[in-house]
Amino acid sequence: MSIAQDRQLWQPGQDFISASNMTRYMGWLAERGIIHVQNYDALYEWSISDPASFWSSVASYFDIAFQHPYENILRLPETGMLGTKWFEASTLSYAEHVFRNRVEDRPAIIFSSEGADSREISWSELEAKVAAMALWMRAQGIVPGDRVVSLLPNIPENVIAFLSANSLGAIWSSCSPDFGVEAIRDRVIQVAPKLLIVSDGYRYGGKAFDRSEEWSRLIDQLPSVRTIVNVDLIGSSFRLFDAVSWHDVMQYPAESLSFEHVFFDHPIWILFSSGTTGRPKAIAHPTGGILLEHLKALVFHQDVRPGERYFWYSTTGWMMWNYALSSLLAGATLVLYDGSAGYPGMDRLWHLAQVHQIQHVGGGAAFYIACMKAGISFDANAFPHLRTIGSTGSPLPPEAFEWIYEAVKRDVWLISLSGGTDVCSAFVGGCPLRPVVAGEIQCRMLGCDLESFDAAGRTIRGAAGEMVIRQPMPSMPVYFWDDQGNTRYRASYFSGFPDVWTHGDWVELTDRDTLKITGRSDATLNRDGVRIGTAELYRTLESMPEVSDSLVVCIDRPDGSQHMPLFVVLTQGVALDEDLKQRIRREIRTRCSPRHVPDEIISVPSIPYTLSGKKTEMPVKRILMGSVPDEVISRDTLRDPSALDAFIRMGGRAD
């Protein structure tokens, strides 16, 4: 299937526009005499031209409860962004804002997992369990600034533990339990947690995986841990030494829930980068910045409303778990699912959306592509409650846009997002006032001064360039943990252009002010000065039924020339004969660029992905250029470590 890049697939009706939270916000601004704007373009320009007024209005619109008032909304450093201060001297609590939405006529959480009936958790039950655990944590000596780390799957206990820790001012961090022990150690040891919360295992794809012995080895390497809580999830007979059971914690005499108010820039959590280019970065995000950013993103750019049901398929090791959690701030019911998206079939999550009448469904682009390739389709009226479908993690190709509108629901708002762990949000995403165009992201999000730069640092339109952010945002990292002098922080974002955040994505701003993300700029395919993103090749290959997955790299040779191999995973029963190779080359030549026809096409059993679903292009490139595999990537960061084997066997092959 091949469709025009500029094909409009959905147009918001006037009733939809009028009822949107974005329109309500614009009306609120006008009523208070802050600014009168008639469209999104004008609203966006105001948000980046007067960021102090914009973010102040966001705080007022959502009635942020500052325990201690702020003195300055925004104080910039003498140069650059590092050292920016937001809402100085103010104190607040994230968990307190969650429980402001406590009601009894709808659940706080709906939970479902493989092979188990769904269950609901009321707001009163959630509050009682958070209060019990918070009191227990306090009795264990947890105080503001202590780190609490979770190795739980996507189950309600993880939400309860986070809210408990947050109510005390502790700093949260989590890893998915399917991470390898070394990958978890490399992350967790950096933040020196006092409390560790684990489960005996997890379930995935119809199987139970016991992790008790791995946790025993891990704990020996974490001298800071004083207390361990164990959730008995799979019924393992193995017990961690001195671990306290979750059941016993929940029996702690509950009192009313109270909240520790922390400074605006006090870290709410520490998220970790993928670790594909060295030691994972431990990224500390500010409590107040996350609160404002997530309310802005979820309420304005996804139109989440009180009483609606919000679901994003994620693990606890991906920032989308943290992002989805904040739907509770908007008064929504948080829907959790633990298990494989493809078990027992690719329709599992869609069935979840039907049964629970979910308004907002989200997942990685790879999930939608897999559904499309599996031929999944539904009746026209299968999802009467579904209002938005969200996609992130990697670029969603136009064909997948088309599939959603033809196979899932015609009248639905498809929101493609792109951002990162770095800000725990999106830079670009949805706008309820604009149409959806195939393969394009609707807008730069409010308060995000994003541009596309050429190599000389000039803004460009209509062609791909470096994605840069020219002004600070409140949810940008406070710092990296244990990063003296912000050395790694500066190297990560501010080494490309002076005093400008360079994110590492390759982006095109169109004449409609929509955007196309064409891949990571550090994995750009530069052939004879003609550069394209890897996503453009992947889109072409995804349209070929013989190819189920692919990865491409461009290798620089010592003599200055280049070699570009393409690795493909073939559909079962398909052979990589000369005819198929020629058809692949022809498709790439026609739909991408004659300069980017691969020098060779190689069949591999599988493509290595990180646990958060990103292709490992740069590590593969470095391995093929002769680097020692263990020095460029940890196998524990991979969804399937064996997927790297074929590339290791080819290591050093730069010709």
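This chain uses plain numbering: 1 for the first residue, then up along the sequence.
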My understanding is that only residues two or more places apart in sequence, or in another chain, count here; which of them pass side-chain contact (heavy atoms from CB on, under 4.5 Å) with Pro395?
Ile517, Ala535

Please enumerate all residues that pass ring-ring contact (aromatic ring centres under 6.0 Å, His included) together with Tyr479, with sequence neighbours excluded.
none

Going by side chain to side chain donor-acceptor pair (under 3.5 Å), name the residues that satisfy it together with Trp321, two or more places apart in sequence or in a different chain.
Asn154

Non-neighbouring partners of Phe567 that pass ring-ring contact (aromatic ring centres under 6.0 Å, His included), sequence neighbours left out
Phe647

Would you please name every residue forming a salt bridge (Lys or Arg N to Asp or Glu O under 4.0 Å) with Asp630, sequence neighbours left out?
none

Strictly by side-chain hydrogen bond (donor to acceptor under 3.5 Å, both in side chains), give each pair with a member in residues 638-651 just once, sequence neighbours left out.
Arg635-Asp645, Asp640-Ser642

For Phe378, enumerate each residue passing the ring-ring contact (aromatic ring centres under 6.0 Å, His included) test, keeping only those at least two apart in sequence or located in another chain.
Trp350, Phe383

Test of understanding: with side-chain contact (heavy atoms from CB on, under 4.5 Å), list the residues that count as partners of Ser112, not counting sequence neighbours.
Ser118, Tyr337, Arg348, Leu352

Kindly write out the residues that satisfy side-chain contact (heavy atoms from CB on, under 4.5 Å) with Asp483, not counting sequence neighbours, or none if the list is empty.
Phe480, Asn486, Thr487, Arg488, Tyr489

Holding to side chain to side chain donor-acceptor pair (under 3.5 Å), I want the full list of residues that pass it with Gln572, two or more places apart in sequence or in another chain.
none

Going by the rule side-chain contact (heavy atoms from CB on, under 4.5 Å), which residues pair with Ala366 if we only count those two or more places apart in sequence or in a different chain?
none

Tyr323: ring-ring contact (aromatic ring centres under 6.0 Å, His included) partners, not counting sequence neighbours
His294

